[in-house]
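The block underneath contains the structure these notes are about, expressed in structure tokens.
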Amino acid sequence: MGPARYSPDDIYKALPSGGATWVHGCSGESAVLAAAPSTAGAALGAMTITGIFIPGVNRNTYIVNNQIRVRSFFLTPELKATGGAQVDFRPITYTEILAGLDRSDLDAILFQVAPPDEDGICSFGPIADFAPDIWKKIPIRVAHINPKMPRVRGWPGIPFSEITAYTEHESKLIGNPRETSDAVSDAIASHIARFVGDGATLETGLGKAPLAVCRALSTRRNLRMHTGLVGDGILDLIEAGALASGAAVTAGVAIGSEELYAAVSGPQFDFQPVRVTHDVRAIGAIENFVAINSAIEVDLWGQAYAEFGPKGFMSGPGGASDFARGAKISGGLRIIALPSSARGVSRIVGPGAGGGPVSLSRFETDVVVTEHGAADIRGLGHDDRAKALIAVAAPEYRAELQSRWDQQPD
């Protein structure tokens, strides 16, 4: 007996009542499956829904009755707007998320896949973060089979025969139009590019700065990527011929434009789960590894703050610390990139003055880059470290930052 087939309107009938359900998030979130809990409503009972819900990408809350709880590792504006009573925000790293999933008992998984190939395997496409690694231990497997989901190289998909229930529907992956950078991002990228030579392996995230970095590296050759998230910037490296031959891009998830999703089936890409992409020992074995991450603020000790904004928490730590630890083992480089100011406020701040918890300690940061330059703080004492960071702050805030530093006790 094969998997049970449902129409998109009836797939909610395959959902369990209560228990714990993993929802495929990021660009793999299915609008069809996201609508199913709303249709089921009270019938879901006290279900806990868990997934990787990225701010600006995943806008569903899944709070469809007063018993539902949503466990999220990022705090999207939509989840925050619910008031939080039914939201269990877990600000932990990707490797900690994986360890928790290895220990937990999930009852169901909702995911989106490509149609089965000639061997009956349904590819998870360019969303290989957690689902490909955990589906075997989850008894109820509910799939949206989407003809627009690209098949990719890397971690094996799920056999169609192992699916519990499915629906078929053609829809675009969640994403964004191909981005452009701006003058600030371009300046930041030009300073970062000085630290990246031919043959480097990069880790970057999403946004204007990573996009600009890729464009700034278009003249490099034999570059590779080993990263959790890959965005449209990789297209610039492909078009420039900057990548090494073969599968030069090891990534967990692609989020971006339709052009990106059209490219991920190519031979340059190898999609792997967190157990591979974020493995500190695997990263530590990569030569010439450069981790490039963003922050909201950096203080004069060199501590990076990446989770707390003017309106409170907006994120978890993600995978930045995993890559920072791996880069340390490899003898690589850890770069933090950020604009020097935003909305009339300096983003280089006084010692210990950053908002929220420290996301990357002063021992996990080598170089801090703004549009005003690069502060290489490796091996520096406290005073020289602060001096280097003040030098890349916005000019109008440097005197104030120096005054704050001078007030520190000896």
Side-chain angles (χ1 to χ4, degrees), residues 26 54-57 73-76 91 93-94 176 179-193 195-196 202-217 225-234 251-253 255-256 278 289-299 302-310 313-327 332-343 345-349 354-362 364-375 377 389 392-394:
C26 300
I54 304 294
V57 176
F73 308 100
F74 296 89
L75 197 54
T76 68
T93 68
Y94 267 43
N176 302 296
E179 288 187 295
T180 57
S181 58
D182 55 28
V184 170
S185 298
D186 289 340
I188 291 171
S190 69
H191 297 305
I192 291 175
F195 294 91
V196 182
L202 308 176
E203 179 265 325
T204 64
L206 302 178
K208 290 184 177 180
L211 180 72
V213 167
C214 289
R215 290 178 177 166
L217 297 175
M225 276 203 173
H226 184 105
T227 188
L229 291 171
V230 64
D232 281 337
I234 196 64
V253 174
I255 301 178
H278 291 66
F289 185 78
V290 182
I292 305 168
N293 287 288
S294 61
I296 297 171
E297 295 170 312
V298 173
D299 72 14
Q303 300 175 131
Y305 304 78
E307 303 166 52
F308 196 89
F313 277 102
M314 55 183 288
S315 178
S321 61
D322 298 325
F323 287 107
R325 289 197 296 271
L333 189 64
R334 298 155 311 168
I335 297 175
I336 298 297
L338 74 168
S340 65
S341 64
R343 302 182 185 90
V345 176
S346 177
R347 292 178 66 172
I348 304 295
V349 299
V358 173
S359 303
L360 292 171
S361 78
R362 69 189 197 277
E364 296 175 305
T365 303
D366 294 322
V367 180
V368 176
V369 179
T370 74
E371 70 273 26
H372 298 294
I377 57 179
L389 289 164
V392 300

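- Looking at I377 and L389, their side chains come closer than 4.5 Å, going by heavy atoms from C-beta outward.
- Checked against side chain to side chain donor-acceptor pair (under 3.5 Å), T93 has the following partners two or more places apart in sequence or in another chain: T95, E96.
- Contact check for S321 versus L360: side-chain heavy atoms found under the 4.5 Å cut-off.
- Take D299 and apply the salt bridge (charged side-chain N to carboxylate O under 4.0 Å, His left out) test, not counting sequence neighbours, and it matches no residue.
- Applying the salt bridge (charged side-chain N to carboxylate O under 4.0 Å, His left out) rule to D232 yields no partners; only residues at least two apart in sequence or on another chain are considered.
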Would you mind writing out the side-chain donor-acceptor pairs for residues 335-342 within the sub-3.5 Å range, not counting sequence neighbours?
{"from": "S340", "atom 1": "OG", "to": "E371", "atom 2": "OE2", "distance (Å)": "2.7"}
{"from": "S340", "atom 1": "OG", "to": "H372", "atom 2": "NE2", "distance (Å)": "3.4"}

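- Closest non-hydrogen pair, R334 versus A324, comes out as CD-O, 3.2 Å.
- Of the inter-residue distances, the one linking S359 atom OG with N293 atom CG reads 10.0 Å to the nearest 0.5 angstrom.
- Nearest heavy-atom pair, G233 versus C214, reported as atom, atom and distance to 0.1 Å: O-CB, 3.3 Å.
- Considering only residues two or more places apart in sequence or on other chains, L206 meets the side chain to side chain contact (heavy atoms under 4.5 Å, CB included) condition with L229, I255.
- Here the closest non-hydrogen pair linking G205 and P210 is O-CB, 3.4 Å.
- Atom CD1 of I192 and atom CG of L217 lie 8.5 Å apart (nearest 0.5 Å).
- When all heavy atoms are compared, the tightest approach of A291 to A327 is CB-CB, 4.5 Å.
- The minimum heavy-atom distance between A375 and V392, with the atom names listed, is N-CG1, 3.8 Å.
- Under the rule for a salt bridge (charged side-chain N to carboxylate O under 4.0 Å, His left out), R347 has no partner lying at least two apart in sequence or in another chain.
- F73 contributes atom CZ, which lies 11.0 Å from atom CD1 of I54 (distance to the nearest 0.5 angstrom).
- In this structure T227 satisfies the side chain to side chain contact (heavy atoms under 4.5 Å, CB included) test together with E203, M225, V230, A251, sequence neighbours excluded.
- Summarising the geometry of V367 relative to A374, their closest heavy-atom pair is CG1-CB, 4.0 Å, with the distance given to 0.1 Å.
- Partners of H226 according to the ring-ring contact (aromatic ring centres under 6.0 Å, His included) rule, which considers only residues two or more places apart in sequence or in another chain, do not exist here.
- With sequence neighbours excluded, the residues forming a side chain to side chain donor-acceptor pair (under 3.5 Å) with S185 are D182, listed by chain and number.
- K208 NZ to I188 CD1: the interatomic distance, rounded to the nearest 0.5 Å, is 11.5 Å.
- Taking the ring-ring contact (aromatic ring centres under 6.0 Å, His included) definition, one finds that F289 meets it with nothing, sequence neighbours left out.
- The closest donor-acceptor contact from the side chain of S190 to the backbone of A187 lies under 3.5 Å.
- Residues R325 and D322 form a side-chain contact, since some pair of their non-hydrogen atoms from C-beta on lies under 4.5 Å apart.
- Legend: residues meeting side chain to side chain contact (heavy atoms under 4.5 Å, CB included) with E297, ordered by chain and number and at least two apart, are Y305, V349.
- Within the model, atoms CD of E307 and CZ of F74 stand 9.0 Å from one another, a figure rounded to the nearest 0.5 Å.
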